[in-house]
Novice: 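A single structure is presented below for examination.
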Amino acid sequence: MVHAQFDPTARQQLAIQAVEAKTRKDLSWQQLADATGLSVAFVTAALLGQHPLPKEAAEAVAGLLGLDEDAVLLLQTIPLRGSIPGGIPTDPTIYRFYEMLQVYGTTLKALVHEQFGDGIISAINFKLDVKKVEDPEGGHRAVITMDGKYLPTKPF
């Protein structure tokens with residue numbers, strides 16, 4: 001049976017445990033994802049409390065992290081999503097994403113609507129990828145690909 005949560009507290013506590021175990025065991029998010037066969041973005045989001053994991057994936061990451069059966073069950077529940085509390089984020093990395101949307105949000109909206117019409121980009125039927133690439137001017141660049149299914153608005 002599928003179960004859903006209506007209070008984020010348990011998943012937040014589990015996320016804290018998972019990150020502490022990941023650090024203690026010196027594991028990467030990629031190593032945890034590799035044990036599941038799922039993408040690193042999805043598994044990371046799940047362990048941070050934003051997605052449920054399939055049973056086999058929950059068992060695999062719990063085994064690597066040394067989490068108990070209660071954690072395995074909790075990892076399979078549908079969470080109350082949303083990891084940023086109200087207000088402007090203060091973490092510099094998260095704030096920069098907020099800033100990007102403040103600057104380019106209306107541009108993205110205009111371009112999406114011009115190309116697709118009235119609708120939204122799904123965050124559920126979604127893929128996320130983060131890559132580190134060399135910058136020709138020196139240093140590195142972050143290439144972030146967000147790939148969501150377009151869902152048109154339907155009159156009713």
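Values below: all heavy atoms of this structure, side chains included; hydrogens, waters and symmetry mates excluded.
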Novice: side-chain hydrogen bond (donor to acceptor under 3.5 Å, both in side chains) with Thr145: which residues, sequence neighbours excluded?
Specialist: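 None.
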Novice: Measure the spacing between CG of Asp34 and OG1 of Thr36 and express it to the nearest 0.5 Å.
Specialist: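 Going from the CG atom of Asp34 to the OG1 atom of Thr36 covers 7.5 Å.
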Novice: Any pair with a residue in residues 56-75 that passes side-chain hydrogen bond (donor to acceptor under 3.5 Å, both in side chains), sequence neighbours left out, goes on the list, sorted by first then second residue, please.
Specialist: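 Pairs touching residues 56-75 that pass the test: none.
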Novice: Supply the atom-to-atom distance Gln5 CD to Leu80 CG, rounded to the nearest 0.5 angstrom.
Specialist: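 Taking CD in Gln5 and CG in Leu80, the distance rounds to 8.0 Å.
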Novice: Name all residues meeting the side-chain hydrogen bond (donor to acceptor under 3.5 Å, both in side chains) criterion together with Glu114; count only those two or more places apart in sequence or in a different chain, and write none if there are none.
Specialist: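 Listed in chain order: nothing, the list is empty.
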Novice: Are Asp147 and Leu128 packed together at the side-chain level, in the sense that at least one heavy-atom pair is separated by less than 4.5 angstrom?
Specialist: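 A side-chain contact under 4.5 Å is absent here.
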Novice: What's the spacing between Thr44 OG1 and Gln50 CD if we round to 0.5 Å?
Specialist: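 That separation rounds to 12.0 Å.
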Novice: Could you tell me whether Arg141 atom CZ has more than 12 heavy atoms of other residues or ligands within 6.0 Å of it?
Specialist: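 It does not: Arg141 CZ has 12 such atoms or fewer within range.
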Novice: So how far is it from Ile88 CD1 to Tyr98 OH, rounded to the nearest 0.5 Å?
Specialist: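 OH of Tyr98 is found 4.0 Å from CD1 of Ile88.
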Novice: What pairs with Lys154 under salt bridge (charged side-chain N to carboxylate O under 4.0 Å, His left out), at least two apart in sequence or on another chain?
Specialist: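 Partners of Lys154 under the salt bridge (charged side-chain N to carboxylate O under 4.0 Å, His left out) test: none.
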Novice: Not counting sequence neighbours, list each pair that qualifies as a side-chain hydrogen bond (donor to acceptor under 3.5 Å, both in side chains) and has a residue in residues 10-25.
Specialist: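 For residues 10-25, and leaving out neighbouring residues, there are no side-chain hydrogen bond (donor to acceptor under 3.5 Å, both in side chains) pairs at all.
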Novice: With a 4.5 Å limit on heavy-atom distance, are the side chains of Pro79 and Pro52 in contact?
Specialist: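 SC-SC contact between Pro79 and Pro52 confirmed.
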Novice: In Å, rounded to the nearest 0.5 Å, how long is the span from CD of Glu134 to NZ of Lys132?
Specialist: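 NZ of Lys132 is found 7.5 Å from CD of Glu134.
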Novice: Are the side chains of Ile124 and Ser122 in touch, meaning some heavy atoms are under 4.5 Å apart?
Specialist: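 Heavy-atom side-chain distance check passes, below 4.5 Å.
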Novice: Answer whether the closest heavy-atom distance between the side chains of Val133 and His140 falls below 4.5 Å.
Specialist: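 No - every pair of side-chain heavy atoms lies 4.5 Å or more apart.
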Novice: Which hydrophobic side chains are connected to Leu75, either touching it within the sub-4.5 Å cutoff or through other members that do?
Specialist: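 Members other than Leu75 - counting any ILVMFWY side chain reachable under 4.5 Å - are Leu14, Val19, Leu27, Trp29, Leu32, Leu38, Val40, Phe42, Val43, Leu47, Leu48, Leu53, Val61, Leu64, Leu65, Leu67, Leu74.
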Novice: Would you indicate whether Tyr150, at its atom OH, is surrounded by more than 12 heavy atoms from other residues, nucleotides or ligands within a distance under 6.0 Å?
Specialist: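 Counting neighbours around OH of Tyr150, more than 12 heavy atoms of other residues, nucleotides or ligands fall under 6.0 Å, so yes.
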Novice: Please step through side-chain contact (heavy atoms from CB on, under 4.5 Å) for the pair Ile94 and Ile84, ending with a clear verdict.
Specialist: CA-CA 9 Å; Ile94 296 173; Ile84 301 173; 3.6 Å; yes
Novice: Are the side chains of Met146 and Phe126 in contact, using a 4.5 Å heavy-atom criterion?
Specialist: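 Phe126 reaches Met146 side chain to side chain.
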Novice: When rounded to the nearest 0.5 angstrom, what distance separates CG in Asn125 from CG in Leu151?
Specialist: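 Separation between the atoms: 7.5 Å.
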